[in-house]
Amino acid sequence: MTRFHCSSFKKAMLYCLPAVCLIHAAQSAEISGPSDKSIQWKKHVLNAESKFEAAGIGDVNGDGKIDIMCGDSWYEAPNWIKHRVCDIHEQNQYYDDFANLMQDVDGDGDLDVVSANYFGQEVLWRENPGKTGIDWTVHSIDKPGNSETAYFFDMNGDGVMDILPNVAQIYVWYEKIPNKPTWKKHVVGKEGAGHGGGVGDVNGDGLLDFIGPKGWYETSKTDDQFTYTWHPEFTLELPSVPMLIQDVNGDGLNDIIYGMGHNYGIYWLEQQKNKEARTWTPHLIEKTWSQPHALFLVDLDGNGKLELVTGKRYHAHNGHDPGGNDPRCIYYYKYDKQADVWQRHVVEENGSAGFGLMPEIGDVDNDGDLDIVCPGKSGLYLFEQVR
């Protein structure tokens, strides 16, 4: 059962208090469809013993090939030779490394790593020394609080990726200063902080807004100054990181797609507007497997339409979540708007790979299609797309 702020959920309402209602989402759109013959996957085991849950991709050594970064090591393409980065603290069966974002932070021509951690409560970056055999130097950016992970986005449209950590205590982002290892901190607010977050244009005004588990922040901008208005229009239970903003049904209003990061279920919230209020109607996509902690919208098959890619984060809470020890799975979903059908397609199920805390999707092998990098407590894997 998912809890939402009660405004107009007349259908499916079970019990409503003056401000908050508890409801069952509508039954899932049918999960069906033929197997996707256009896409096949070749699995590469990079390190079955790795327990780091975040990964990134990029040309680390400047040889023109896309390498894979994961925690204390990077893996050199094409044979995935392992190279040391630095020591990373381990606590309670977690490595304190919850993001691996690749960026030339200092403008010296090579890729560094931007990370965030939970126990250290820090956003930081690791400086690429430019050669193997030397530990990467760690630099602190800020200590905003316990960060579940972090993602890149371009808030001001300057072409440089900014940092959005999912901090438990406060909603904050960091504007990257081009070609310098410095950032400008932006505090959005405290009301929207918590497990889950994302960025997108909720109200269609052309500016990027911020969503969280308890509602969303409407962004306004005057010159280079941002301000934020809080809208507590829904409440979600430990949603995914990220939550995705997308017009699912093509009605011109952007909706929200999210997973239950520590339970069963993938959902989308349909945005509806009238003269009096904006409301959000929940729709269940699927709840046959648990811990869809990370979600992506990408064009996997190259047909110009976005697929929803997600999978089970293995032992997100060390096996204590509902379904924590269920078989692992990695799926992508195609939505048929006319039939209201989500077609589920398999990357891997009942296998060794989990989807991790921060997987990565990109053209790792430079062949023109998208591949999937899956880190996690059950190892580090690459799923190469083969058409």
Side-chain angles (χ1 to χ4, degrees), residues 41-91 93-106 108-120 124-139 149-150 152 294 311 313-315 328 330 347-348 351-367 370-386:
W41 301 95
K42 180 180 179 181
K43 181 180 180 179
H44 301 265
V45 181
L46 275 65
N47 185 352
E49 304 304 318
S50 176
K51 297 187 184 301
F52 290 91
E53 294 195 74
I57 61 175
D59 184 3
V60 174
N61 57 356
D63 66 353
K65 299 181 178 64
I66 303 299
D67 309 302
I68 294 175
M69 177 68 62
C70 186
D72 67 354
S73 303
W74 67 275
Y75 297 79
E76 182 181 355
N79 297 317
W80 310 120
I81 300 170
K82 182 181 177 182
H83 300 282
R84 174 180 164 85
V85 174
C86 64
D87 289 329
I88 293 177
H89 175 66
E90 183 182 8
Q91 184 172 338
Q93 301 181 50
Y94 296 88
Y95 279 99
D96 207 15
D97 178 58
F98 285 34
N100 280 189
L101 301 168
M102 306 299 293
Q103 184 179 51
D104 183 2
V105 169
D106 50 9
D108 66 353
D110 55 29
L111 289 178
D112 311 294
V113 179
V114 175
S115 185
N117 57 37
Y118 190 85
F119 300 108
L124 55 94
W125 69 283
R126 301 185 184 103
E127 182 180 356
N128 187 344
K131 57 184 177 180
T132 59
I134 300 176
D135 276 12
W136 296 37
T137 303
V138 180
H139 305 270
T149 185
F152 272 157
R313 181 185 171 196
Y314 176 65
H315 275 201
R328 279 148 261 171
I330 302 166
V347 178
E348 181 179 74
S352 56
F355 205 56
L357 179 68
M358 184 186 174
E360 185 61 281
I361 298 179
D363 187 3
V364 175
D365 53 4
N366 284 317
D367 66 350
L370 296 178
D371 312 297
I372 305 174
V373 178
C374 295
K377 292 179 180 178
S378 60
L380 175 63
Y381 304 89
L382 166 65
F383 289 90
E384 176 189 359
Q385 185 179 160
V386 181

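This is a predicted model, so every value here is computed, not measured.
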Within the distance-only criterion (no hydrogens, no angle test), does the side chain of [X] pair as donor or acceptor with the backbone N or O of [Y] below 3.5 angstrom?
| X | Y | value |
| --- | --- | --- |
| S115 | W125 | no |
| D72 | D87 | no |
| D96 | G120 | yes |
| Q385 | L370 | yes |
| D371 | V373 | no |
| N79 | I81 | no |

Minimal non-hydrogen separation, [X] against [Y], with atom names:
| X | Y | result |
| --- | --- | --- |
| L111 | D59 | CD1-N, 3.5 Å |
| M358 | N100 | SD-N, 3.4 Å |
| P375 | P359 | CD-CA, 3.6 Å |
| K65 | A77 | CD-O, 3.7 Å |
| M102 | V60 | CE-CG2, 3.9 Å |
| D110 | D104 | O-OD1, 3.0 Å |

Find out whether [X] and [Y] are in side-chain contact, i.e. whether some heavy atom of one side chain is under 4.5 Å from a heavy atom of the other.
| X | Y | value |
| --- | --- | --- |
| D135 | R84 | yes |
| V113 | W74 | no |
| Q103 | L101 | no |
| K43 | S352 | yes |
| E76 | D63 | yes |
| K82 | Y75 | yes |

When rounded to the nearest 0.5 angstrom, what is the spacing between [atom1] in [X] and [atom2] in [Y]?
| X | Y | atom1 | atom2 | result |
| --- | --- | --- | --- | --- |
| F98 | F119 | CZ | CZ | 5.5 Å |
| C70 | I57 | SG | CD1 | 13.0 Å |
| L46 | I68 | CG | CD1 | 4.5 Å |
| T149 | L357 | OG1 | CG | 4.5 Å |
| W80 | H44 | CH2 | NE2 | 8.0 Å |
| N61 | T132 | CG | OG1 | 9.0 Å |

| query | Do we get K377 above Y95's six-membered ring, with its NZ or CZ under 6.0 Å from the centre and within 45° of the axis? | reply | no
| query | Between D365 and K42, is there a side-chain N and carboxylate O pair less than 4.0 Å apart? | reply | no
| query | Should the heavy atoms of other residues, nucleotides or ligands under 6.0 Å from CD of Q93 be counted, would the total exceed 12? | reply | no
| query | Got a sec: does the OH of Y94 have more than 12 other heavy atoms crowding it under 6.0 Å? | reply | yes
| task | Could you check I88, L380, N47 and say which one makes a side-chain contact (heavy atoms from CB on, under 4.5 Å) with F52? | result | I88
